[in-house]
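Scroll down for the structure; my scribbles are underneath it.
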Amino acid sequence: MMPNKYEITYTAENHYDHWVYDAYWQFLIIPMENQSQFGVEIEFYNSLYANIEYSTNGYGFKTIRIHPKKKFDNISFKANFEFFKKEENPFNFPLDLDIFKGYQMLKKLDFKICFERFLKATQFTQLEKAHETMFIFDPKTSIFDNLQALNDWTFKFIQFKTGVTDVDTLLTEIVLKKQGVCQDFTHLFCALARKNGVPTRYVSGYLNQGSGFFGDSQMHAWAEAYIPEIGWKGFDPTNNILANINHIKVCHGKDYNDCAPLKGVVYSQGRNQTSHTVTVQSQQ
């Protein structure tokens, strides 16, 4: 099967009530290159013609850094990405794996040390004691099947609704409201998978919503879980599907903090208005 050609446009507009005399931004929005994504071409512009620097963060993902050298009260950014993505079969592993052996591996000290970063609870994946047993794995069923069941459970537990949470909302509030967006679905999935001993990482990227999927109008989030003898597999609890050709990965980390598309420090007074848009186009 021929790979799909993708074109992604990312824009950001920033307006400030007063002059900004100094500012630093870091964008984490470049599609990564891996076995299924390749040939990434990058174009990035800013309205102030400030110098653009490309660097790599602590997880090895490409970032774009901007530091304007003059004062301003408006600035806009635009990024264009073109690349190819091929479809991969998420079930490309032996179906007769030893279930007991998989669970034994999760309990080994060497395994826990190796994946410690993605087993620990973080600010956004911390559950209250009473909620830690909301979803318990069935040891008679494979880890992969349990993760699929967790994907389905999370999809049904939270109602997709914009405007009720933001990037600082914690799981305690999500569990009570049972409403949120892709970031909230992913944090809950990660928290419960980790409580069941499965290393899980938060993934940020783009979603081709042309197939009728739920997702943010800006960037999407899903999870990747490490299954012994299989490897990392992507789960999208917002849509109750496995990550596939419609999921364009940018980066991964422990939670949203590691994957925020835009981080910045702005020295100014008063209010500011920010808007973002993302368009994803696919050509087969």
Side-chain angles (χ1 to χ4, degrees), residues 6-12 25-37 40 42 44 54-65 77 79-81 83 85 117-118 120 122-125 151 154-155 158 160 162 165-171 174 180-191 193-194 199-209 213-226 232-239 241-264 274-280:
Y6 272 100
E7 296 180 11
I8 294 175
T9 301
Y10 173 102
T11 65
W25 286 284
Q26 176 181 281
F27 292 84
L28 188 50
I29 58 174
I30 302 173
M32 71 173 293
E33 298 216 25
N34 54 28
Q35 288 184 335
S36 68
Q37 297 175 189
V40 178
I42 306 166
F44 190 87
Y54 294 91
S55 60
T56 303
N57 70 6
Y59 285 93
F61 299 107
K62 292 180 180 178
T63 66
I64 300 169
R65 294 183 178 181
F77 305 96
N80 294 315
F81 307 112
F83 58 96
K85 185 173 178 68
R117 175 184 286 182
F118 300 114
K120 280 187 172 182
T122 66
Q123 176 188 4
F124 291 113
T125 60
N151 212 35
T154 308
F155 171 76
I158 300 177
F160 184 87
T162 59
T165 61
D166 57 36
V167 295
D168 297 316
T169 305
L170 302 180
L171 274 185
I174 302 301
V181 292
C182 55
Q183 172 185 309
D184 307 310
F185 283 79
T186 304
H187 281 149
L188 183 57
F189 180 97
C190 288
R194 291 172 187 174
T200 314
R201 56 197 189 192
Y202 181 103
V203 180
S204 177
Y206 304 99
L207 178 66
N208 181 10
Q209 296 182 13
F213 298 126
F214 288 112
D216 197 286
S217 60
Q218 298 170 26
M219 295 189 75
H220 191 53
W222 62 96
E224 288 177 344
Y226 187 87
W232 292 102
K233 289 292 179 183
F235 297 85
D236 182 350
T238 309
N239 294 288
I241 57 175
L242 298 179
N244 55 38
I245 197 167
N246 293 298
H247 294 74
I248 299 108
K249 182 174 178 178
V250 168
C251 63
H252 64 245
K254 301 182 296 298
D255 58 22
Y256 175 83
N257 267 342
D258 290 335
C259 301
L262 176 59
K263 291 183 177 180
T274 302
S275 61
H276 301 82
T277 62
V278 171
T279 58
V280 180

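Keep in mind that this is a model prediction, so the values were computed, not measured.
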Approximate separation, where rounding is to 0.5 Å, of Asp236 CG and His220 NE2: 3.5 Å
Side-chain touch Leu171/Leu188, heavy atoms, less than 4.5 angstrom: yes
Min side-chain heavy-atom separation Tyr202-His187 under 4.5 Å: yes
Considering all heavy atoms, the nearest Gln123-Asn257 contact: OE1-ND2, 3.4 Å
Lys233 atom NZ, neighbour heavy-atom count above 12 within 6.0 Å: yes
Closest contact, heavy atoms only, Met219 versus Cys182: O-SG, 4.0 Å
CD1 on Ile64 to CD1 on Ile29, rounded to 0.5 Å: 4.5 Å
For the student: nearest non-hydrogen atoms of Arg65 and Thr63, plus distance: NE-OG1, 4.0 Å
Student check: side-chain heavy atoms of His247 and Val203 closer than 4.5 Å: no
For the student: nearest non-hydrogen atoms of Cys190 and Thr200, plus distance: SG-CG2, 3.6 Å
Verdict with supporting geometry, Leu207 and Asn239, side-chain contact (heavy atoms from CB on, under 4.5 Å): CA-CA 11 Å; Leu207 178 66; Asn239 294 288; 4.0 Å; yes
Nearest atoms (heavy-atom pairs only) where Lys249 meets Gln37: N-OE1, 2.8 Å
Reported CG-to-CD1 distance for the pair Asn151 and Ile241, which is rounded to 0.5 angstrom: 8.5 Å
Student check: side-chain heavy atoms of Trp232 and His252 closer than 4.5 Å: no
Atom NZ of Lys120: over 12 foreign heavy atoms under 6.0 Å: no
Gap separating the OG1 atom of Thr122 from the OH atom of Tyr256, nearest 0.5 angstrom: 13.5 Å
Audit row: Phe77, Thr11, side-chain contact (heavy atoms from CB on, under 4.5 Å) steps and yes/no: CA-CA 6 Å; Phe77 305 96; Thr11 65; over 6 Å; no
Tyr206 and Tyr6: CA distance, side-chain angles, deciding distance, side-chain contact (heavy atoms from CB on, under 4.5 Å) verdict: CA-CA 11 Å; Tyr206 304 99; Tyr6 272 100; over 6 Å; no
Minimum side-chain heavy-atom gap Phe81-Ile248 below 4.5 Å: no
Tyr226-Phe118 aromatic ring centre distance below 6.0 Å: no
Check: Leu262 and Trp25 side chains under 4.5 Å, non-hydrogen atoms: yes
Phe44 ring center within less than 6.0 Å of Phe27 ring center: yes
Approximate separation, where rounding is to 0.5 Å, of Leu170 CG and Phe124 CZ: 6.0 Å
Intermediate values then yes/no, side-chain contact (heavy atoms from CB on, under 4.5 Å), Tyr59 and Arg117: CA-CA 11 Å; Tyr59 285 93; Arg117 175 184 286 182; 3.0 Å; yes
Approximate separation, where rounding is to 0.5 Å, of Thr125 OG1 and Asp255 CG: 6.0 Å
Minimum-distance pair of heavy atoms, taken over all atoms of Leu28 and Cys251: CD2-SG, 3.5 Å
Any Ile8 side-chain heavy atom under 4.5 Å of Phe83 side chain: yes
